[in-house]
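Only one structure is covered here, and it is reproduced in the block below.
Order of appearance sets the numbers: ligands from 1, and atoms from 1 within every ligand. Note that the structure is predicted; figures quoted are calculated from it, not measured.
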Amino acid sequence: MSTNQHTVLIAGAGPAGLSAALHLADCGVHTVIVDRKNRPGGNAADFTCKASPECVRCGACMVADRAARIRQLTAVDWLVPAEITGCEQNGRFQVHIRKDGAETDMKADAVILATGFTPFDPTQKPYGYQKGSTGNVITHLELEAMLHGQGKVRRPSDGATPETIAFIQCVGSRDLALGRPWCSCVCCGSALRMARRIQHETPSVKATFFYIDVQSFSRNFDAVYADFKSRIRMIRAIPGDVVKTPDDKLRVGYFDPTSRTFTEEIFDLTVLTVGMGPNPDTPELARVFGVSLDRFGFLGTARNGVFVAGSAIQPMGISDSIASGAEAAQSALEYLAGLMR
Ligand SMILES: Cc1cc2nc3c(=O)[nH]c(=O)nc-3n(C[C@H](O)[C@H](O)[C@H](O)COP(=O)(O)OP(=O)(O)OC[C@H]3O[C@@H](n4cnc5c(N)ncnc54)[C@H](O)[C@@H]3O)c2cc1C
Ligand code: SF4
Ligand code: SF4
């Protein structure tokens with residue numbers, strides 16, 4: 001199958017988009033990647049290795065590996081930071097792109113939308129989170145970036161190593177009141193692996209995990225879960241609020257399922273495990289490319305010549321996003337081959 005006279009536009013350079021581009025490059029197809037940001041990796045670009053000390057298959061290195069490989073390829077062109085503003089289809093796709101304030105057009109034979117998810121903004125919850133502040137309530141993604149950059153967990157307010165950390169799960173997931181009933185699938189496993197990594201490096205850290213139930217799937221889940229439970233304090237409750245105390249600690253209030261009483265506890269650091277929601281650009285991209293949306297606003301069915309991939313479709317982890325990107329690339333190859341018949 002010779003499709004090397006074709007060009008595929010890939011929107012999004014996260015794990016799904018990178019995977020699609022690598023697959024197409026392996027098959028000799030020219031791709032152009034458009035991303036709002038000017039670095040590859042998407043939401044997973046700053047994820048840290050969670051080995052403790054053995055590999056726990058968190059997927060972070062799969063992103064770094066693909067980001068490094070893609071930079072070597074001449075068959076992949078980059079339009080970053082840039083955004084798609086429109087598209088017409090008259091045989092080929094004529095895509096309008098805004099880069100550095102200027103409008104430009106490019107022609108493509110197929111399009112892959114891999115524009116990913118948006119992390120939930122936890123300022124909507126009563127947990128005292130303030131984006132960009134030096135407060136000691138941070139998101140899981142900020143903790144990932146902290147460990148990736150500095151190698152150690154620190155309290156943002158004073159740089160001290162926390163002695164106690166509360167992980168609050170399902171922040172912006174499985175929340176009917178917010179109209180976000182879905183489970184984000186990967187964040188239980190991610191937070192538990194993160195807590196284990198921190199304890200491995202700093203055994204004095206006491207981690208408490210507030211959760212609804214643990215969603216994590218693997219063949220040896222029972223053994224892994226038993227290990228987590230022996231090291232991490234697990235409380236089956238979601239706190240009502242988090243309040244800063246006068247001595248710069250955090251008071252976490254929750255209904256204790258064991259004593260059946262309202263309980264308050266003090267922590268040095270609170271990590272909010274924010275859920276995965278639809279990217280706000282999705283409705284406009286869906287309109288421009290004629291793709292449907294599901295009832296929550298994730299991308300729905302692909303149509304002739306336009307393919308969808310990764311967490312833009314539904315919450316999924318890195319390895320599933322990579323597989324989804326390769327699958328979309330394969331569908332695009334079959335579509336391009338059909339154009340030549
Ligand atoms: C709290 C949390 C913890 C997680 N932990 C793990 C974990 O431990 N292991 C794991 O496997 N997964 C984990 N994940 C999930 C992981 O982040 C995703 O699987 C992965 O990032 C999805 O890749 P993607 O390519 O689909 O999307 P993204 O990573 O979201 O990338 C999308 C890309 O598209 C770009 N984009 C968006 N809109 C546009 C537009 N209009 N035009 C151009 N470009 C655009 C973005 O800038 C971005 O670069 C976690 C997620 C969360 C929220
Ligand atoms: S980044 Fe994750 S998958 Fe890679 S070696 Fe570390 S623990 Fe294993
Ligand atoms: S994976 Fe766990 S933390 Fe994430 S939404 Fe589902 S139940 Fe909540």
- [ ] Quick one: sort the Phe167 and Phe209 rings into parallel, tilted or perpendicular, breaks at 30° and 60°.
- [x] tilted

Task: Plane angle bin for Trp182 and Phe296 - parallel if under 30°, tilted between 30 and 60°, otherwise perpendicular - done: tilted

- [ ] Taking atom types as modelled, find out whether Glu103 and His96 have a side-chain donor-acceptor pair closer than 3.5 angstrom.
- [x]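 No, no side-chain donor-acceptor contact under 3.5 Å.
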
Using a 4.5 Å cut-off on heavy atoms from C-beta on, say whether the side chain of [Y] contacts that of [X].
X	Y	value
Ile235	Phe210	yes
Arg196	Val56	no
Ser319	Met62	yes
Thr273	Ser190	no

TODO: Everything protein-side that's N, O or S and under 2.8 Å from atom 4 (Fe) of ligand 3: list it, residue and atom.
DONE: Cys187 SG

Task: ring pair (Phe, Tyr, Trp, His ring centres under 6.0 Å) contacts in which one or both residues fall within residues 34-75, not counting sequence neighbours - done: none

Open item on the list: Within ligand 3, which atoms have a heavy atom of Asp213 less than 4.0 Å away?
Closed with: 7 (S)

- [ ] For atom 2 (Fe) of ligand 2, report each protein N, O or S atom nearer than 2.8 Å, sorted by chain and then by residue number.
- [x]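 Listed by chain and number, the atoms are Cys58 SG.
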
- [ ] Check Asn38 against Pro81 and note the closest heavy-atom contact, atom names and distance.
- [x]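 Taking every non-hydrogen atom into account, CB-CD, 3.8 Å.
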
Task: Close residues, ligand 1: non-hydrogen atom nearer than 4.0 Å - done: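 Ligand 1 pocket, heavy atoms under 4.0 Å: Gly12, Ala13, Gly14, Pro15, Ala16, Val34, Asp35, Arg36, Lys37, Gly42, Asn43, Ala44, Phe47, Lys50, Cys58, Ala114, Thr115, Gly116, Phe117, His140, Leu141, Val186, Ser190, Val274, Met276, Asn279, Asp281, Leu285, Gly310, Ser311, Met316, Gly317, Ile318, Ser321.
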
